[in-house]
There are 2 protein chains.
Amino acid sequence: MVTIKDIAKVAGVSHTTVSRALNDSPLIKPETKKKIAAIAESLHYVPNVNAKSLVNQKSYIIGLYFSHLSIGTSDSFLVEVIKGISDTLPSEYTLAVHELLQSDTFDEEPNRLDGAIVMSQSDRDDGFIAALSKKNIPIVVLNRQLQDATLMNVTSNDAQGVYQMMTYVLEQGFRKIAMIEGIASFGSARERRKGFMKAIQEKQLVCPKEYFVAGDYSLESGQLGAQQLLALPEPPEVIFCANDDMAIGAINACHQAGRKIPEEIGIIGFDDSSFSPYTYPPLTTIRKPVYEMSQLAATLLLQAFANQVVEQQHFFDTSLIIRQSL
Amino acid sequence: MVTIKDIAKVAGVSHTTVSRALNDSPLIKPETKKKIAAIAESLHYVPNVNAKSLVNQKSYIIGLYFSHLSIGTSDSFLVEVIKGISDTLPSEYTLAVHELLQSDTFDEEPNRLDGAIVMSQSDRDDGFIAALSKKNIPIVVLNRQLQDATLMNVTSNDAQGVYQMMTYVLEQGFRKIAMIEGIASFGSARERRKGFMKAIQEKQLVCPKEYFVAGDYSLESGQLGAQQLLALPEPPEVIFCANDDMAIGAINACHQAGRKIPEEIGIIGFDDSSFSPYTYPPLTTIRKPVYEMSQLAATLLLQAFANQVVEQQHFFDTSLIIRQSL
DNA sequence: GTGAAAGCGCTAACAG
DNA sequence: CTGTTAGCGCTTTCAC
């Protein structure tokens with residue numbers, strides 16, 4: 001392993017000078033810098049991140065924690081988040097992906113992160129987030145609105161998006177509207193239901209209880225939920241699914257039952273995932289700018305490292321994507 | 001920050017003793033260990049990974065490199081790989097996800113990985129893999145068979161899976177069989193074509209040139225490819241798509257064209273991705289055990305760390321998943 | 001401008 | 001069994 005001392009020996013200077021030169025310190029003559037850079041290059045010198053980290057108290061590692069790598073989070077969502085963050089982070093940073101631990105033993109987690117982004121789905125993550133906060137590193141919580149206004153928080157206005165969509169649906173003249181809901185403990189599920197209810201109530205409509213079926217954001221639960229709705233004596237004209245995965249399951253159920261979409265039944269999703277243009281018929285849905293939100297999360301972290309004062313709360317608007325499933 | 005010296009002071013021993021006790025050295029009396037563990041606990045001591053790393057020459061970071069985070073790799077594939085690895089790695093390890101750099105400037109990458117898993121799609125990654133090898137860390141290349149037998153390599157027998165599937169298709173009496181191919185430079189695309197051709201040629205069949213259409217593993221290219229095939233004067237009875245995403249696009253194209261699946265046209269995919277049971281009709285496909293392959297990749301790395309001698313080459317069989325799209 | 005020396009938190013000879 | 005000492009590769013006072 002080539003160290004700065006090796007370079008120093010070749011250059012005939014002290015290792016201190018090498019360190020300064022490599023870090024572009026103003027104390028070093030430009031020519032000395034050039035000479036040292038050339039030697040470092042020729043020796044294929046690679047800095048030892050661990051040594052740097054030890055002395056600088058900085059690891060150059062950003063943690064990304066996911067509520068559930070396995071359930072309730074669709075693959076495309078996770079990938080969008082990873083892309084958004086890694087596209088934004090400068091290359092000296094490493095992105096460490098972890099499944100979020102619900103256990104209380106989090107304190108034992110090593111102290112090696114410069115900052116963390118928590119993709120949180122439910123308030124069951126609050127314990128984890130609180131434990132993380134104690135580490136005194138910048139944290140941004142993505143995807144779920146926090147009570148605690150002292151943490152950086154990037155969320156989207158799910159309720160408003162659903163409200164807009166349902167208003168649009170009502171304007172089209174539909175009245176029998178059902179909803180397949182997300183995981184009850186997830187904030188996103190509550191938000192989406194809120195937007196749904198607001199539009200319904202504004203029109204003074206009453207949806208029968210059977211029109212609200214439980215789901216868990218999985219393809220399967222969408223299929224099951226739709227089967228249940230279609231079997232009703234008075235089935236709905238429109239099914240709003242709290243995410244695209246469930247909408248795909250629901251579309252499948254309609255096809256199996258021989259109901260034509262959108263003629264006999266309309267299906268609406270939420271997320272605008274990569275599959276949604278390729279369902280049959282293409283899915284009408286609500287776009288949530290996950291990539292952009294993740295980019296902002298990374299940017300906020302970077303700004304916090306630079307001690308910049310930043311706005312803590314950030315909202316993204318969702319938008320309607322009208323395709324052919326309604 | 002609490003260090004071993006702080007613990008030593010409280011315990012009235014040297015910091016060396018603390019270090020040994022915490023590392024469960026046989027040199028330390030059990031009672032001393034217990035006492036020190038208790039003090040560490042009460043002080044909320046957290047080891048400094050950077051200091052440990054520096055002296056042990058071990059970072060506890062595993063790099064996961066992806067050929068293309070953006071194109072040619074479906075989301076579910078990436079997520080399966082991440083899950084497989086992180087479920088296998090002991091918790092003291094950190095999984096760092098990186099997009100694979102095609103640039104030749106890879107040498108500048110810091111030396112901080114204990115090992116790496118490269119999810120490689122094409123031989124264009126060979127330069128990167130070669131550069132990585134120079135770091136003298138264990139590397140396992142996932143997903144693509146290597147020429148270089150000195151590296152650990154975990155692959156699946158894609159050709160054989162496709163061959164089995166096509167043999168099955170031919171046994172059903174189908175003769176007009178088309179293929180939408182993957183990205184030409186990807187090893188997987190070549191393997192899948194190989195299995196396809198083998199079955200065709202064994203039956204002494206000749207597929208017209210128009211039955212081979214180019215694709216790029218994206219949903220869109222599957223849709224486009226299928227449209228092209230359906231527009232042929234003599235369209236095929238069966239379309240084999242080199243991955244599930246393209247199959248989903250192809251199914252969509254068939255619906256748009258009003259062709260009934262499987263009555264008028266059969267569709268076959270490859271991967272058995274999470275969506276494949278929820279297409280309409282459910283997709284007949286070839287399962288590739290990505291999760292298990294990734295677990296093995298992580299296990300191999302761990303064994304290499306422990307200086308165990310391991311088999312370098314590992315093959316996984318694929319299997320047929322017969323659903324209703326054919 | 002540059003160098004000598006100290007020290008980040010930890011582990012590992014070596015000595016007792 | 002335990003402590004003393006040195007050192008991992010780097011940055012940073014403090015002198016010159």
Side-chain angles (χ1 to χ4, degrees), chain A residues 1-37 39-40 43-61 92 108-114 135-137 305, chain B residues 1-37 39-40 43-61 92 108-114 135-137 305:
Chain A
M1 176 180 252
V2 183
T3 74
I4 51 170
K5 288 190 183 167
D6 299 319
I7 300 177
K9 220 170 287 170
V10 177
V13 296
S14 75
H15 73 276
T16 313
T17 302
V18 175
S19 170
R20 286 202 264 250
L22 260 20
N23 288 310
D24 202 26
S25 152
L27 296 176
I28 306 289
K29 272 199 296 227
E31 31 176 309
T32 316
K33 278 184 193 169
K34 252 178 214 156
K35 188 173 114 194
I36 290 177
I39 297 175
L43 258 38
H44 298 109
Y45 167 74
V46 179
N48 181 316
V49 190
N50 291 321
K52 261 189 143 91
S53 297
L54 178 58
V55 59
N56 289 336
Q57 314 258 51
K58 211 170 165 339
S59 68
Y60 301 95
I61 302 178
E92 66 261 36
E108 295 162 19
E109 279 287 285
N111 266 334
R112 68 182 320 190
L113 264 32
D114 284 353
K135 307 267 180 190
N136 263 326
I137 53 171
F305 296 157
Chain B
M1 174 181 254
V2 184
T3 74
I4 51 171
K5 289 190 182 167
D6 298 320
I7 300 177
K9 220 172 285 170
V10 177
V13 297
S14 77
H15 72 278
T16 312
T17 301
V18 176
S19 170
R20 286 202 262 252
L22 260 21
N23 287 311
D24 203 26
S25 152
L27 296 176
I28 307 289
K29 271 199 298 225
E31 31 176 308
T32 318
K33 279 186 194 170
K34 250 176 217 156
K35 187 174 115 194
I36 291 178
I39 298 175
L43 258 37
H44 298 110
Y45 166 74
V46 179
N48 181 316
V49 190
N50 291 321
K52 262 189 143 91
S53 297
L54 179 58
V55 60
N56 289 335
Q57 315 260 50
K58 212 171 165 337
S59 67
Y60 301 94
I61 302 178
E92 66 260 35
E108 295 161 17
E109 279 287 286
N111 265 334
R112 69 182 318 190
L113 265 32
D114 284 353
K135 308 267 182 193
N136 263 326
I137 52 171
F305 295 158

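So that the names make sense, note that chain A is the first sequence line, chain B the second, and so on, each numbered from 1.
The NZ atom of A:K52 sits 9.5 Å away from atom CD of A:E92, with the distance rounded to the nearest 0.5 Å. B:I137 contributes atom CD1, which lies 8.0 Å from atom OG of B:S59 (distance to the nearest 0.5 angstrom). To the nearest 0.5 Å, the span separating CG on A:N50 from NZ on B:K58 amounts to 11.5 Å. We find the NZ-OG distance between A:K9 and A:S14 to be 13.0 Å, quoted to the nearest 0.5 Å. One finds the CG atom of B:D114 at 5.0 Å from the CZ atom of B:F305 (value rounded to the nearest 0.5 Å). Of the inter-residue distances, the one linking B:L54 atom CG with A:L54 atom CG reads 6.0 Å to the nearest 0.5 angstrom.
Across the protein-nucleic acid pair, A:H15 atom NE2 and C:dA5 atom C1' stand 9 Å apart, rounded to whole Å. Between B:N56 atom CG and C:dG9 atom P there is a gap of 16 Å when expressed in whole angstrom units. Atom pair A:K58:NZ and C:dG9:P shows a separation of 17 Å (rounding to whole Å applied). Per the geometry, CD1 belonging to B:I7 stands 11 Å off P belonging to C:dT11, to the nearest Å. Summarising the geometry, the separation between CE on B:M1 and P on C:dC8 is reported as 12 Å, rounded to the nearest angstrom. Atom pair B:N23:CG and C:dG9:P shows a separation of 17 Å (rounding to whole Å applied).
Applying side-chain contact (heavy atoms from CB on, under 4.5 Å) to B:I4 and the options B:T17, B:L22, B:N48 leaves one that passes, B:L22.
Contacts of A:S19 with the nucleic acid, taken as non-hydrogen atoms under 4.0 Å apart, include base atoms.
Residues from residues 27-35 of chain A with heavy atoms under 4.0 angstrom of DNA chain C, sorted by number: A:L27, A:I28, A:K29, A:T32.
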Under the rule of Watson-Crick or G-U wobble with both distances under 3.5 Å, where | means paired to another strand and [ ] a crossing pair, DNA chain C maps to ||||||||||||||||
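Summary of the strand contacts: B:A51 and B:T17 both lie near DNA chain D, and taking for each the nucleotide with the nearest heavy atom, the more 5' one is attributed to B:T17. Nearest-nucleotide assignment on DNA chain D puts the 5′-proximal partner with B:P26, out of B:P26 and A:L54.
OP1 and OP2 of C:dC8 both lie 4.0 Å or more from every side-chain N or O belonging to B:N50.
The shortest side-chain heavy-atom distance between A:V18 and A:I39 does not fall under the 4.5 Å cut-off.
For B:S53, the side chain to side chain donor-acceptor pair (under 3.5 Å) test picks out no residue, with sequence neighbours left out.
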Please report the C-alpha distance between A:V13 and A:R20 in whole Å, then the side-chain angles of each, then the deciding distance to 0.1 Å, and finally whether the side-chain contact (heavy atoms from CB on, under 4.5 Å) criterion is met.
-> CA-CA 11 Å; A:V13 296; A:R20 286 202 264 250; over 6 Å; no
Distances under 3.5 Å only, N/O to N/O: pair up the protein atoms with those of nucleotides 13-16 of chain C.
none

For a quick test of your reading: what N or O donor-acceptor pairs under 3.5 Å do the side chains of residues 26-36 of chain A make, sequence neighbours left out?
residue	atom	partner	partner atom	Å
A:K33	NZ	A:D24	OD1	3.0
A:K33	NZ	A:S25	O	3.0
A:K35	NZ	A:A11	O	3.4

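In the model, A:S19 has no side-chain atom that pairs as donor or acceptor with a side-chain atom of A:T16 under 3.5 Å.
On the nucleic acid side, DNA chain D has its first and last nucleotide under 4.0 Å of a heavy atom of chain B at D:dC1 to D:dG9, going 5' to 3'.
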